[in-house]
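Computed from a predicted model, the values in this text were never measured in an experiment.
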Amino acid sequence: MVFGILSHMTRSHKIAIAITSLVAIGVSTYIVLYNFFPFDGAFSSQAAINLYKHGTFTLNYRPNSTLQTLLPFQIVNGFFFTIFGNTFSAANLANILFYFFLFGLFIFLSCACKSVLPLIAFTAMSLNYAFFMYGFGGYGEIPALTYGLLGVACLVFNQGSTRAYVLAGILVAAAIATKWVLFLILPPVCLTLVLLKPNRRLLLYFLAALLFTFMLACYIQFACYEPCELKQIIQNLIYQNTPHFGGPYHPQKAASINAYPSRLKEVWDAYSDMSIGVFALVKIGLTVIMAFVAIRMLFRRKAHLETTEVFFIFLASFLVVYLAWAFAFNSRWHIRRMLNTDILFYLSIGLLPCVVRFRKIINLAVCCLLFLFCGFLGPFLLQDLVPSSQGCVMTRERQMRQGLKLLPDEYNAYGNGFLEAPRWSFLAGRNFKDLFRDSVFYDCIEQGCDNFIFFEGEICFHPAQRDLVYNTFDLNRIFNFHGFRICRIQGFNNDGKVYVEAIDFSRAGAAQSVTRIHGKTRNKMYRPSQFEYNEMAVFLDNKRGLPLLEVEFFADECHDGKNLRVAILNGQGKYVEDFKVKKGENTFEIALPEEFSRSEIDMYLLLEKELKNAAHHCTKENANRISLEYKMIRLVAESGELK
């Protein structure tokens, strides 16, 4: 039936398809040349690369149970990486493939309706600014929606075919497994099945294919997680789909945007920005009209509905459900998630004159409206998308790879931003460490180990993070290109900054004591709040000499049996000693070896990563943080005798 519809293509269809194809090719060419790889596309693509290279659907980042790895899309994405390698240009090819699948659906509907309006609607959709920004680069919105639309098209336009119902179940499940927000497709799909009235056998085939595919995808994606991590995934899904803007991702905004009207205004502002102001009201008005037409077709029909009418009812109901969810419940990434409402809108408006049997004057009005969208959106889009002085994607990637060639074969890589500088990690093909969580001090005191911090241009430091980094580390910039920087960690600043303390232990300050309380001050420095250091450092600038250091602290039972590492360096060598931690009061006396006496030294007290305990009660009570008190108890006189 599908190929039968395409065989009735008229001359006007062929001309419209040729013109629209030029638009699609132009959009795809621009994306490949100038659409820079977004950071969240970079980290999610690691799962696609590992799926083909190592047979595991994992990320090259720290464990993060909140990450959605888009399995049905990444199977296609990884195929292109396998052929073309880990390049920014190849990262757009999978999205472009789904873009052309969507184009094929518009062509099919245009032929089924015997109208070129769906193709004009496709052109208007392709010239949407949000479509350029969030439709490519490893994002999963368009692939997920394309899976769902193709699945329902198989149901509607292949009635009575067992293979079509099985394929539809697989595609709808792939849509949900790609982006969980596509659970919203289930009510419109149920309505479509009610209108189609399939027999019990076909319905069972559809449900069996849907459930099997979805469960298989979930198993592959989440089999490696512990029950507590799966619980966190469910909690994050609830946070993402509740009418507030807070939770684990942005706790600092929960208080100010928790009021429902404020959240609603934020969603509307995002929708207006995506629609360029006044067109947001036009689109909402047309959506209401399409919903009214669909309801009228449902309750005032005298005969069996045609296939195009059933598909229009599906689109209209899906659009209403999606918009209702977006305004009532969506709490994150408003513009990105509104992108699918635009695709549904343009599809629906392209079919509207065909299913209602408007007069020619109304068809002309809809056609003019779509041309108005194209003509009005186009100049705004072109103005913003003029290639910048940063050059094309290949140029930027080539420069960044030159920066990577400046590094030694072995080094520790630290990243800032979301999930440890993912674009740098994507190009380097290696795991980066979290600058605000991993043991920077531990790596920096290891002999023969180079340590680098990678910065990403579009991701800025929170002011507290920025101050913390530059006050803590002595950095030497070795590469810079449009904000993408690589800095070597030369050492640590000892100027009395936030993170470290420089103490001059004179004779009068021999009994001086300094206390660090992690729980009271650390959360004010970082965003989000779970960033924490597990080490402390004190720079001792005492030329009189230091024979003994006393460390006192109280340890929770979660630390029982773990180690406290003490490292002493003076530029010529190092001395490392481990002390066993026990529950309750702990007091350690650290003797300074003779070769470190009478010199400026750096003293590091490292609460090693093994000290952290993931047990539920330890995490709940924040027991992994220890308050350390360290004090000088004796100094060496000039004669070498203790006083």
> Does the ring center of Phe106 lie less than 6.0 Å from the ring center of Tyr346?
Replying inline: no
>> For the backbone of Gln46 and the side chain of Asn50, can you confirm whether one donor and one acceptor N or O come within less than 3.5 Å of each other?
In response: yes
> Run the side chain to side chain contact (heavy atoms under 4.5 Å, CB included) check on Lys53 and Asn86 step by step: do they pass?
Replying inline: CA-CA 12 Å; Lys53 285 189 175 181; Asn86 297 8; 4.2 Å; yes
>> Does Leu323 form a side chain to side chain contact (heavy atoms under 4.5 Å, CB included) with Val321? I'd like the steps, not just the answer.
In response: CA-CA 6 Å; Leu323 278 173; Val321 169; over 6 Å; no
> Between the side chain of Arg423 and the main-chain N/O of Phe37, is any donor-acceptor distance below 3.5 Å?
Replying inline: yes
>> Taking the six-membered ring of Tyr411 as reference, does the cationic atom of Arg430 (NZ for Lys, CZ for Arg) lie under 6.0 Å from its centre and within 45° of its axis?
In response: yes
>> Rounded to the nearest 0.5 Å, what separates atom NE2 in His482 from atom CD in Gln399?
In response: 8.0 Å
> Do Ser425 and Asn431 pass the side chain to side chain donor-acceptor pair (under 3.5 Å) test, and can you show the C-alpha distance, the side-chain angles, and the key distance before you say yes or no?
Replying inline: CA-CA 6 Å; Ser425 178; Asn431 186 10; 5.6 Å; no
>> Ring centroids only, cut at 6.0 angstrom: are Phe79 and Tyr52 within range, meaning strictly under it?
In response: no
>> Which heavy atom of Met125 sits nearest to which heavy atom of Tyr99, and what is that distance?
In response: CE-CE1, 4.5 Å
>> Given the ring of Tyr271, does Lys283 sit roughly above its face, with NZ or CZ under 6.0 Å from the centre of the six-membered ring and within 45° of the axis?
In response: yes
> If you round to the nearest 0.5 Å, how far is CG of Leu435 from CD1 of Ile453?
Replying inline: 4.5 Å
>> Just so I know, are the side chains of Phe452 and Leu407 near enough to count as touching, which here means a heavy-atom distance under 4.5 Å?
In response: yes
> Under 4.5 Å between any side-chain heavy atoms of Thr341 and Leu319, yes or no?
Replying inline: yes
>> Can you confirm if the aromatic rings of Tyr414 and Phe454 lie within a centre distance of less than 6.0 Å?
In response: no
> Any side-chain heavy-atom pair from Asn480 and Phe455 closer than 4.5 angstrom?
Replying inline: no
>> Checking the side chain of Gln74 only, and the main-chain atoms of Ser44 only, is there a donor and an acceptor separated by less than 3.5 Å?
In response: yes
>> How long is the straight-line distance from OG1 of Thr146 back to CG of Leu102, given to the nearest 0.5 Å?
In response: 4.5 Å
> If you take all heavy atoms of Pro72 and Ala174, which pair is closest and at what distance?
Replying inline: CG-O, 3.5 Å
> Does Met133 reach the side chain of Pro38, with side-chain heavy atoms less than 4.5 Å apart?
Replying inline: no
>> So Leu97 and Val76, do their side chains get closer than 4.5 Å, heavy atoms only?
In response: yes
> Given side chains that start at C-beta, do those of Phe88 and Asn35 come closer than 4.5 Å, heavy atoms only?
Replying inline: no
>> Between Phe43 and Phe426, is the ring centroid distance below 6.0 Å?
In response: no
> Are the ring centres of Phe122 and Phe103 closer than 6.0 Å?
Replying inline: yes
> Is any side-chain heavy atom of Val469 less than 4.5 Å from a side-chain heavy atom of Leu475?
Replying inline: yes
> Between Phe98 and Phe101, how do the two ring planes meet: parallel, tilted or perpendicular, split at 30° and 60°?
Replying inline: perpendicular
> Under 30°, 30 to 60°, or over 60°: which ring-plane class applies to Phe214 and Trp180, parallel, tilted or perpendicular?
Replying inline: tilted
> Between Phe80 and Ala90, what is the shortest heavy-atom contact and its length?
Replying inline: CB-O, 4.2 Å
> Just by distance, do the side chain of Trp325 and the backbone of Leu184 share a donor-acceptor pair under 3.5 Å?
Replying inline: no
>> Evaluate Asp474 against Ile489 for side chain to side chain contact (heavy atoms under 4.5 Å, CB included), listing each step before the verdict.
In response: CA-CA 6 Å; Asp474 178 15; Ile489 302 178; over 6 Å; no
> Out of curiosity, Leu145 CG to Leu105 CG, how far, rounded to the nearest 0.5 Å?
Replying inline: 9.5 Å
> If you round to the nearest 0.5 Å, how far is CG of Leu347 from CG of Leu149?
Replying inline: 6.0 Å
Would you mind writing out the side-chain donor-acceptor pairs for residues 134-142 within the sub-3.5 Å range, not counting sequence neighbours?
residue	atom	partner	partner atom	Å
Tyr139	OH	Asp40	OD1	3.2
Glu141	OE2	Arg336	NE	3.4
Glu141	OE2	Arg336	NH2	3.2

>> Can you see whether Asn340 engages Tyr322 through a side-chain donor-acceptor pair at a distance of less than 3.5 angstrom?
In response: yes
> Using the benzene-type ring in the case of Trp, are the ring centres of Phe479 and Phe484 under 6.0 Å apart?
Replying inline: no
> Which atoms form the tightest heavy-atom contact between Arg488 and Asp450, and what is the distance?
Replying inline: NH1-OD1, 2.9 Å
> Under 4.5 Å between any side-chain heavy atoms of Asn77 and Ser45, yes or no?
Replying inline: yes
> Is the side chain of Tyr147 donor-acceptor paired with the backbone N or O of Ile170 at a distance under 3.5 Å, no angle test?
Replying inline: no
>> Run His54 and Ile49 through side chain to side chain contact (heavy atoms under 4.5 Å, CB included) and show every step you take.
In response: CA-CA 8 Å; His54 308 296; Ile49 295 169; over 6 Å; no
>> Using every non-hydrogen atom in the two residues, find where Ser126 and Val23 come nearest and quote the distance to one decimal.
In response: CB-CG1, 4.1 Å
>> Just checking Met394: does its CE atom have more than 12 heavy atoms from other residues, nucleotides or ligands closer to it than 6.0 angstrom?
In response: yes
>> If I take atom CG from residue Asn476 and atom CD1 from residue Ile478, how far apart are they, to the nearest 0.5 angstrom?
In response: 7.5 Å
>> Can you list everything that forms a salt bridge (charged side-chain N to carboxylate O under 4.0 Å, His left out) with Arg401? Sequence neighbours excluded, please.
In response: Glu397
